[in-house]
Amino acid sequence: MAAAVSAPSPLAGASLRTPLPTRPHSISFAALPRAAAPRPLTLGARPARRLAAAASSGGGAAGPDMRETLDKVVGAHKVVLFMKGTKDFPQCGFSHTVVQILRSLDVPFETLDVLANDALRQGLKEYSSWPTFPQLYIDGEFFGGCDITLEAYKSGELQETLEKAMCS
């Protein structure tokens, strides 16, 4: 009985490794001002209005230039997610969860990577009076972080809010 001879596989000896994709960036951060040494954010110590007034008067990372830039970004898009990473390459589980929720609702949204710019990350904490990321903005207003977004999704409130925003 003769053994069957097989032709060598075209993949023999070839590496099956694929290169990792480069990290996509959806918006450039070159125009954002750089922050001085970051200050700890104390929530509850001052009302949000006083915190916003202090930030807009030049104190802290969310100075007038940063606030103006953030106002423009948030106002330019119906849905903006400030997250760790990008929608195509989330860098934390909470950011990934919010991206998956928005994708499941088939909503167009923009993302900004807070890991790419320390001034953005610190400025947003003061801008929203919210210390963690991701931060979701809908129709120019801060909606919430991952837990709030997830609960609103489960209750149907997120879908209603997004429908109103898309129609306005």
Side-chain angles (χ1 to χ4, degrees), residues 23-29 32-33 35 38-57 59-168:
R23 205 166 151 183
H25 294 282
S26 56
I27 297 178
S28 171
F29 297 106
L32 293 176
R39 310 181 308 153
L41 179 64
T42 55
L43 290 178
R46 295 188 278 176
R49 286 189 195 134
R50 287 180 46 206
L51 178 62
S56 64
S57 67
D65 292 341
M66 177 61 79
R67 291 191 65 76
E68 183 179 320
T69 301
L70 291 172
D71 283 340
K72 286 179 184 176
V73 170
V74 168
H77 307 283
K78 292 287 185 180
V79 182
V80 180
L81 181 62
F82 293 94
M83 62 181 283
K84 293 178 179 178
T86 65
K87 65 174 108 176
D88 295 322
F89 196 60
Q91 294 293 301
C92 84
F94 300 113
S95 294
H96 177 76
T97 297
V98 176
V99 166
Q100 293 306 312
I101 289 170
L102 294 173
R103 283 189 168 158
S104 75
L105 297 173
D106 200 27
V107 176
F109 64 102
E110 293 297 322
T111 62
L112 281 98
D113 183 1
V114 299
L115 297 176
N117 186 297
D118 189 54
L120 173 66
R121 185 170 51 254
Q122 295 304 321
L124 269 165
K125 289 178 182 182
E126 292 181 28
Y127 181 79
S128 64
S129 299
W130 194 261
T132 60
F133 295 96
Q135 293 183 12
L136 180 62
Y137 288 77
I138 300 173
D139 211 14
E141 297 290 326
F142 177 67
F143 186 80
C146 180
D147 291 343
I148 290 171
T149 302
L150 184 58
E151 287 302 316
Y153 173 71
K154 288 178 181 177
S155 72
E157 177 190 351
L158 178 62
Q159 294 86 323
E160 291 175 20
T161 302
L162 289 168
E163 284 177 24
K164 289 177 187 172
M166 293 302 144
C167 292
S168 65

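Note that the numbering runs from 1 along the sequence shown for the chain.
In this structure a side-chain-to-backbone donor-acceptor pair under 3.5 Å is missing from Lys78 to Cys167.
Listed by chain and number, the residues in a side chain to side chain contact (heavy atoms under 4.5 Å, CB included) with Gln100 are His96, Arg103 (sequence neighbours excluded). Residues satisfying the side chain to side chain donor-acceptor pair (under 3.5 Å) criterion with Ser128, sequence neighbours excluded, are Gln135. The ring-ring contact (aromatic ring centres under 6.0 Å, His included) test applied to Phe142 returns Trp130, Tyr137, not counting sequence neighbours. Applying the salt bridge (charged side-chain N to carboxylate O under 4.0 Å, His left out) test to Glu68 and every residue at least two apart in sequence or in another chain returns Lys72. In this view, Ser155 satisfies the side chain to side chain donor-acceptor pair (under 3.5 Å) rule with no residue, not counting sequence neighbours. Residues meeting the side chain to side chain donor-acceptor pair (under 3.5 Å) test with Asp147, sequence neighbours left out: none.
A salt bridge (charged side-chain N to carboxylate O under 4.0 Å, His left out) check over residues 155-164, counting only residues at least two apart or in different chains, returns nothing.
Here the closest heavy-atom approach between residue Thr111 and residue Thr86 is recorded as OG1-CA, 4.0 Å. Shortest non-hydrogen contact noted between Ala165 and Asp139 is CB-CB, 3.8 Å. Here the closest non-hydrogen pair linking Val98 and Pro134 is CG2-CG, 3.8 Å. The two atoms that bring Lys125 and Pro131 nearest to each other are CE-O, 3.4 Å, heavy atoms only.
Considering only heavy atoms from C-beta on, Phe82 comes within 4.5 Å of Val74 through its side chain.
Heavy atoms from other residues, nucleotides or ligands lying under 6.0 Å from CD of Gln159 number more than 12.
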